[in-house]
Amino acid sequence: MMKGRVSKVFYLLHINRKEKPHQTEMEKQVVDGLREVFQSGRSRPLQYRKQQLGALHRLITEHQEDIEQALKQDLNRNTYNTSLFELISIENDIKLAESEMADWAAPRPVKKNLNSALDDVYIKPEPLGVVLIIGTWNYPWAMILQPLVGAIAAGNAAVLKPSELSEHSARLMKELLPLYLDKEMYQVVTGGVPETQELLRQRFDHIFYTGSSAVGKLVMEAAARHLTPVTLELGGKSPCYVDKNCDIAVACRRITWGKFANCGQTCIAPDYILCEPSIQDRIVEEIQKTLLEFYQTDPKSSPDYCRIINTRHFDRVLALMNECTIALGGESDRSQCYIAPTVLKDVLPHFKIMQEEIFGPLLPIVTVNGLSEAIQFINAREKPLALYVFSSDKTVIKRMLAETSSGGVTVNDVLMHYTVDTLPFGGVGNSGMGRYHGKHTFDQLSHHRACLIKSFAMEGLNDARYPPLTAARLRKAKFFMQHRLCSCSGICVWAVIANLLAIGLLVALIVVLNVNILV
Amino acid sequence: MSNTGVLTMESQKQVLERLRGAFRSGVTLPVHFRLTQLEAMMSLFEDNETQIIEAMHEDLAKPKFEAVLSEIEIVVNDICYAISNLQSWMQPTYVATNLATKLDDCFVRREPLGVVLIIGAWNYPLHLILLPLIGAIAAGNCAILKPSEISRATEKLLAELIPKYLSQECYAVIRGGAEETKTLLENRFDHIFYTGSQSVARCILLAAAVHLTPVTLELGGKCPCLIYGRLDMKAAAKRLVWAKFFNAGQSCVAPDYVLCTAETRDALLPFIKETLESFYGSDPQQSPDLGRIVTDRHWDRLLELLKKSEGKIVIGGESDKKTKYIAPTVVVDVMESDALMQEEIFGPILPILTIKSLDEAIYFVNEREKPLALYAFSDESQVVNTVLERTCSGGFCSNDGIVHMSLPGLPFGGVGASGMGNYHGRWGFETFSHKRGCMMRSWLLERVNVLRYPPYNESNLSWLRWATTAKKKGWAGCSVM
């Protein structure tokens, strides 16, 4: 299926080359225009960047209903899901950037050696220039606006290319952005493959792409021409190992939540479960209980259950069920692009469903005889974007972490590492390169310029390195090149107090919730 | 399996398979293994200093002084730095969490990538391949080294010494030219580290795209040197001359050209002459401290530039093809369209372009590709700050040249056309690591999780919003207060 996707993209690129029905100048003008404004230095002052972030925040809060409506049309997403999965993370990122930007953008002093003891030595984060952010359709707002927050905070100009598959969101974004942000620094370009292809021909200072590995390769190839660095947030099959020593009921609740939210169309959704045969039936049972609790008897009529983005993906996902034994669900309705939350048991490694990222509400269970086999299974495949392990046994967790590789990990839950903005979020190997969220986006979209500020004083020291060579000079030069100065760090008392306070608040939250539930 | 000859595609694959097998076995993971390898690298230098200096001399007529400072000392320093800091670099770093995840452990693990490819260059043939290797070893990877075939003696030495000191299971040297490099690049690596030219870098990126391999590119460009305002002429001349003519100008961070006013130029030239004489004597060709051009082809290229140039040679200009010698040369009255301004010089020729104002100089620099390094000489901090704020470059150094490279605390790398990614010190370790974000959730507090499960309702949403935005950074950051 991956090959099919690649050849389809190539086919579309090929026919476009021949036909060229569309203006090729527009994209170039957009990029050239943005570059000129960027070079004027408008985005350098932090005040400007904060203003833009504030405006972006207002865009989201003032048009929350419009955004929710667009997502309902695109994905049958309900308002809760939209807030939880998209808007909260964008807003958190904006607030974080607004409050921390000054710190992030400030020069970062580094260790010196004896030669530079009297110099200023630091790293200066600087904007890159014009960045291209290519979004995707499953979280059309978060996947574009979260990188944009970092791009703005780092002082860049940006072109946003939302996915044409989530067309209502794309249209709304194109309409709203210029009403709030400086349209000479940030622009939305909508369209399909031809427009994206044309954009990729232009020179950017960074390209941030979220999507499939197949297209990721094409993006990197296009970037190579201009020696443009890229961040690729790709996908893969994120494995979920459930150990027999764990609270299976809780594990299944969490897995069910993460798998079927957004109808499985999440790049870090648990793609498949690995477990021992002895607990497979129990897992199915617990998932069944949870599904009932979440979506009641008929998920199709639940306001909380989404749809597949379009009929092409619907057909693709449905076809993956072919060889499998359905343990739960399996119902579908093409007219609504509805596929019921489905669990497949005794799935074998060579089945089609195990050859590509599912990106849909099908949860295969593959049985393995213990942890070692699970680790082997995972390592025989491409490094995934996320990896999940459920166990009460610390040695199991330790081994899983030490013996596998993945973009990120959540232990005893799913998806959650995405929500911690202090953790870098990104893939490795086939699942991507680069990372973002919170400060990491700022760093990813900045150039870290090494600065050494010297004065003309202490020229005597320099004598050691000048020719002609003498043994004494050489000795002196070697000595001064070594680094021995240390930096000290102290414990921040306030951080400790704040932590205690936060824990107290958490306890209060629990108490309140418990009281709520009892009432 | 011998690593000294040029390998066919099949044998390259075999080497790669061997390294991959070693990596999969987990042998490079323990800190003890990495430290042993780094210490072995240290011994490589200690035991073979003479041979190294000889090889450098054979390849580039590199003076002993330069070989020791720029090929041995800089690498040995980085090895020491890595050895003393490795344990702490390898520790997971714990990160701050929000209220909803307070009882969870969130940390970042630095993990090796796998098998990496390091392609060296000929101008600092040992340093440019072994400094990245330090980072690769420290981060727990296996590595294939592909030294430049142009610096033959060093290539041969590396092929002999690396298997002698480092684990042959985990590290290999592959020799060859453009063809062998091309076939090598058809294989899949977990990271490619390349030092060299922009045109080759494009090919490398294209090859890397096929496998989605991340790359670090240390490229070049024309590093401008702005000299403006009040300054200590004598010290400025010494530092400029040292940085420019080190390795006969064949450094990616050598000041490529100077921008200054006519008055500054006229005041500076006598000091430059004086410095050259104190460094290399009245006949630099006799000095043991001046390097030579690496090959006839590069020598021809430089002479051609000099011939085509419409500037006026005020210092030097002498050359001798037989010994690949070019005298330290200064050319003035160079215009923007001059032959010397069309490509990176990479030789001992220093063009001086005159400008009338600092703005003009900054404009000139910004019209061009972002360089690997940018220099500003001035005693006026206002001038230095203006240049720093209004330009962009890989690295920046005021009132000196090249030396910012020798500080392991600073990341060394380019931006735009001068490259992507960086290394040196801890940055090398980070470049060759995957930063894996990990979250260990507690089994408890399933009650808090209830907030996120369907069926959804507004009240749960507001609690969740509050819990995920409440921060822990001090009183001011806590949104509840």
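Convention: sequence-line order gives letters A, B, ...; per-chain numbering from 1.
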Original post:
Given A/Arg449 and B/Ser393, is the side chain to side chain contact (heavy atoms under 4.5 Å, CB included) satisfied, shown in steps?
Top reply: CA-CA 7 Å; A/Arg449 191 180 193 186; B/Ser393 62; 2.9 Å; yes
Subject >> chain B contact via A/Leu128 - which portion, at a heavy-atom distance below 4.5 Å >> reply: both
Original post:
With only heavy atoms counted, which part of A/Leu401 is less than 4.5 Å from chain B, the side chain, the backbone, both or neither?
Top reply: both
**OP:** Report the distance from atom CG of B/Asp400 to atom CD of A/Glu459, rounding to the nearest 0.5 Å.
**Re:** 7.5 Å
**OP:** Dump the intermediate steps for side chain to side chain contact (heavy atoms under 4.5 Å, CB included) on B/Lys238 and A/Asp463, then the final yes or no.
**Re:** CA-CA 9 Å; B/Lys238 284 176 107 173; A/Asp463 268 341; 3.3 Å; yes
**OP:** Sort out for me which of A/Val110, A/Asn412, A/Ile453 touches chain B most, counting heavy-atom pairs under 4.5 Å.
**Re:** A/Asn412
Subject >> Which atoms of A/Ser89 approach chain B - backbone, side chain, both or neither, heavy atom under 4.5 Å >> reply: neither
Subject >> Pairs of heavy atoms under 4.5 Å with chain B: top-ranked of A/Thr410, A/Asp119, A/Asn379 >> reply: A/Thr410
**OP:** State, to 0.1 Å, how close B/Gly437 and A/Leu423 come at their nearest heavy-atom pair, and which atoms those are.
**Re:** CA-CD2, 4.0 Å
Original post:
Which atoms of A/Ala251 come close to chain B, meaning under 4.5 Å heavy atom to heavy atom: side chain ones, backbone ones, both, or neither?
Top reply: both
Original post:
A/Asp247 and B/Trp443: which non-hydrogen atoms are nearest, and at how many Å?
Top reply: O-CZ3, 3.5 Å
Subject >> Contacting region of B/Val210 [heavy-atom separation from chain A under 4.5 Å] >> reply: backbone
Original post:
For A/Ser405, is it the side chain, the backbone, both or neither that has a heavy atom under 4.5 Å from a heavy atom of chain B?
Top reply: both
**OP:** Please indicate whether B/Lys64 has more than 12 foreign heavy atoms, meaning atoms of other residues, nucleotides or ligands, lying under 6.0 Å from its NZ.
**Re:** no
Original post:
If you look at every heavy atom in B/Thr391 and A/Arg44, which pair is closest and at what distance?
Top reply: O-NH2, 4.5 Å
**OP:** Answer with side chain, backbone, both or neither: which region of A/Arg203 has an atom nearer than 4.5 Å to a non-hydrogen atom of chain B?
**Re:** side chain
Subject >> Euclidean distance, A/Lys111 NZ relative to B/Asn85 CG, rounded to 0.5 Å >> reply: 4.5 Å
Subject >> Interatomic distance, A/Glu126 atom CD to B/Glu389 atom CD [nearest 0.5 angstrom] >> reply: 7.5 Å
Original post:
With respect to chain A, which residue among B/Met439, B/Met420, B/Lys234, B/Arg436 yields the maximal number of heavy-atom pairs within a distance under 4.5 Å?
Top reply: B/Arg436
Original post:
side chain to side chain contact (heavy atoms under 4.5 Å, CB included) between B/Asp104 and A/Val420: does it pass, once the steps are laid out?
Top reply: CA-CA 11 Å; B/Asp104 307 315; A/Val420 180; over 6 Å; no
**OP:** Check A/Pro467 against B/Asp289 and note the closest heavy-atom contact, atom names and distance.
**Re:** CB-CB, 3.7 Å
**OP:** Test side chain to side chain contact (heavy atoms under 4.5 Å, CB included) on A/His448 and B/Trp427 and set out the steps.
**Re:** CA-CA 11 Å; A/His448 299 267; B/Trp427 308 98; over 6 Å; no
Original post:
Hey, what do you get for OH (B/Tyr280) to OH (A/Tyr466), rounding to the nearest 0.5 Å?
Top reply: 11.0 Å
Original post:
With sequence neighbours excluded, what pairs up with A/Phe456 under the ring-ring contact (aromatic ring centres under 6.0 Å, His included) test?
Top reply: none
Original post:
Which one of A/Met433, A/Arg225, A/Arg254, A/Arg435 has the most heavy-atom pairs closer than 4.5 Å to chain B?
Top reply: A/Arg254
**OP:** Below 4.5 Å from any heavy atom of chain B, which atoms of A/Ala464 appear? Answer side chain, backbone, both or neither.
**Re:** backbone
**OP:** Select one option (side chain, backbone, both, neither) describing which atoms of A/Met220 are under 4.5 Å from chain B's heavy atoms.
**Re:** both
**OP:** Indicate yes or no: at least one non-hydrogen side-chain atom of A/Val428 is less than 4.5 angstrom from one of B/Glu111.
**Re:** no
Subject >> Among B/Arg239, B/Arg188, B/His211, B/Arg202, residue most engaged with chain A (heavy-atom pairs, under 4.5 Å) >> reply: B/Arg239
Subject >> B/Ile74, part contacting chain A, at a heavy-atom distance under 4.5 Å >> reply: both
**OP:** Specify the closest pair of heavy atoms between B/Asn399 and A/Ser455, including all atoms of both residues, with the distance to one decimal.
**Re:** ND2-CA, 3.9 Å
**OP:** Answer with side chain, backbone, both or neither: which region of B/Ala236 has an atom nearer than 4.5 Å to a non-hydrogen atom of chain A?
**Re:** both
Subject >> Contact class of A/Ala457 relative to chain B, heavy atoms under 4.5 angstrom >> reply: backbone
Subject >> Structural part of B/Ser278 lying under 4.5 Å from a heavy atom of chain A >> reply: backbone
Subject >> Interchain contact, B/His434 with chain A, by part (heavy-atom threshold 4.5 Å) >> reply: side chain
Subject >> Non-hydrogen atoms of A/Gly216 and B/Leu212 that approach each other most closely >> reply: C-CD2, 4.0 Å
**OP:** With rounding to the nearest 0.5 Å, note down the distance linking CZ in B/Phe65 to CZ in A/Arg473.
**Re:** 6.5 Å
**OP:** Specify which of B/Thr213, B/Ile72, B/Thr93 makes the most heavy-atom pairs with chain A at under 4.5 Å.
**Re:** B/Thr213
Subject >> Contact origin within B/Asp190 toward chain A - heavy atom pairs under 4.5 Å >> reply: side chain
Original post:
Which bit of A/Phe425 is near chain B, if near means a heavy-atom gap under 4.5 Å: side chain, backbone, both or neither?
Top reply: neither
Original post:
Given the options B/Ala208, B/Pro63, B/Pro411, which has more heavy-atom pairs under 4.5 Å with chain A than any of the others?
Top reply: B/Pro411
Subject >> Most chain A-contacting option - heavy-atom pairs closer than 4.5 Å, from B/Pro455, B/Pro214, B/Gly395 >> reply: B/Pro455
Original post:
Can you say whether A/Asp205 sits under 4.5 Å from chain B via the side chain, the backbone, both, or neither, judging by heavy atoms?
Top reply: side chain
Subject >> Check: A/Cys451 main-chain N/O paired with B/His404 side-chain donor or acceptor under 3.5 Å >> reply: no
Subject >> Engaged part of B/Ser287 at the chain A interface, taking heavy atoms whose separation is under 4.5 Å >> reply: neither
Original post:
Would a 4.5 Å heavy-atom cut-off, applied to side chains only, mark A/Leu415 and B/Arg452 as touching?
Top reply: no
**OP:** Determine the option with the most heavy-atom pairs under 4.5 angstrom with chain B, choosing from A/His437, A/His417, A/Arg253.
**Re:** A/Arg253
Original post:
With only heavy atoms counted, which part of A/Ser406 is less than 4.5 Å from chain B, the side chain, the backbone, both or neither?
Top reply: both
Original post:
Of the backbone (N, CA, C, O) and the side chain (C-beta and beyond), which part of A/Glu403 lies under 4.5 Å from a heavy atom of chain B, both, or neither?
Top reply: neither
**OP:** Please look at B/Gln198 and chain A and tell me whether the side chain, the backbone, both or neither of the residue comes under 4.5 angstrom of a heavy atom of that chain.
**Re:** both
**OP:** Can you tell which part of A/Arg108 gets under 4.5 Å to a heavy atom of chain B, answering side chain, backbone, both or neither?
**Re:** neither
Original post:
Looking at CG of A/Leu227 and CD1 of B/Ile204, how far apart are the two atoms once the value is rounded to the nearest 0.5 Å?
Top reply: 10.5 Å
**OP:** Among B/Gly394, B/Ser406, B/Ala376, single out the residue with the greatest number of heavy-atom pairs under 4.5 Å to chain A.
**Re:** B/Gly394
